[in-house]
Amino acid sequence: MPKKAKPKVTSIQDLEMKSTKELLGYLRKLHQCEESYELSDLTINPDFHDEMTIYFKNTAKWETAYKNVKTVLANREHIN
């Protein structure tokens, strides 16, 4: 079984071009990230080597991505 794909750093302009379903999938991937490197079982912090992938929630990359996707979703039509 393949590993879960980690979310990539995505600009707000790219997020705006995605469908609502894609945005919700991206948000789900963000929620599945580990809390922090310190709480993970990794021996090497991948954030030092990969600037385009989000691994942990306690990083500026995660916070920015989360804020951006929530901003884009807030401007989408809501279904009741």
Side-chain angles (χ1 to χ4, degrees):
M1 182 164 213
K3 284 184 146 185
K4 293 179 186 173
K6 301 286 185 197
K8 299 291 183 187
V9 174
T10 306
S11 70
I12 196 162
Q13 293 81 13
D14 289 340
L15 291 173
E16 288 171 343
M17 295 186 329
K18 292 183 180 285
S19 69
T20 301
K21 184 177 181 178
E22 290 173 306
L23 290 172
L24 292 172
Y26 185 71
L27 183 62
R28 184 177 5 87
K29 285 183 180 182
L30 287 174
H31 282 291
Q32 291 174 346
C33 290
E34 293 188 58
E35 286 298 321
S36 69
Y37 169 71
E38 293 79 16
L39 296 175
S40 74
D41 58 352
L42 298 175
T43 55
I44 298 173
N45 189 340
D47 273 330
F48 294 136
H49 307 288
D50 188 356
E51 295 180 11
M52 296 309 297
T53 305
I54 302 168
Y55 294 93
F56 306 109
K57 291 181 181 178
N58 72 336
T59 61
K61 292 189 291 188
W62 188 90
E63 290 175 12
T64 301
Y66 184 79
K67 181 186 71 152
N68 288 346
V69 74
K70 294 293 276 187
T71 299
V72 173
L73 282 170
N75 293 324
R76 296 290 171 101
E77 183 178 322
H78 297 294
I79 299 174
N80 293 328

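Side chains are part of it too, since the values below use all heavy atoms of this structure and drop only hydrogens, waters and symmetry mates.
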Could I get the full list of side-chain contact (heavy atoms from CB on, under 4.5 Å) partners for Q13, not counting sequence neighbours?
-> S11
Side chains of residues 48-57: which donor-acceptor partners sit under 3.5 Å, not counting sequence neighbours?
from: D50; atom 1: OD1; to: M52; atom 2: N; distance (Å): 3.2
from: D50; atom 1: OD1; to: T53; atom 2: N; distance (Å): 3.4
from: D50; atom 1: OD1; to: T53; atom 2: OG1; distance (Å): 3.4
from: D50; atom 1: OD2; to: T53; atom 2: OG1; distance (Å): 2.8
from: D50; atom 1: OD2; to: Y55; atom 2: OH; distance (Å): 2.9
from: T53; atom 1: OG1; to: K8; atom 2: NZ; distance (Å): 3.0
from: K57; atom 1: NZ; to: H31; atom 2: O; distance (Å): 3.1
from: K57; atom 1: NZ; to: E35; atom 2: OE2; distance (Å): 3.4

Output the distance between atom OG1 (T43) and atom OH (Y37), rounded to the nearest 0.5 Å.
-> 6.0 Å
For D14, check salt bridge (charged side-chain N to carboxylate O under 4.0 Å, His left out) against everything at least two apart and list the hits.
-> none
What one should report as the nearest heavy-atom pair of K18 and E22 is CA-OE1, 3.4 Å
What's the shortest heavy-atom distance between L23 and L15, and which atoms?
-> CD2-O, 3.4 Å
Is there side-chain contact between E38 and N58, with heavy atoms separated by less than 4.5 Å?
-> yes
Heavy-atom donor-acceptor pair, Y26 side chain to K21 backbone, under 3.5 Å = no
Quick one: list whatever passes side-chain contact (heavy atoms from CB on, under 4.5 Å) with L24, sequence neighbours left out.
-> T20, L73
Residue set satisfying side-chain contact (heavy atoms from CB on, under 4.5 Å) with E63, at least two apart, ordered chain then number -> none
Check salt bridge (charged side-chain N to carboxylate O under 4.0 Å, His left out) between K29 and all other residues, then give those that pass, not counting sequence neighbours.
-> none
Going hydrophobic residue to hydrophobic residue with side-chain gaps under 4.5 angstrom, can you get from L39 over to W62?
-> no
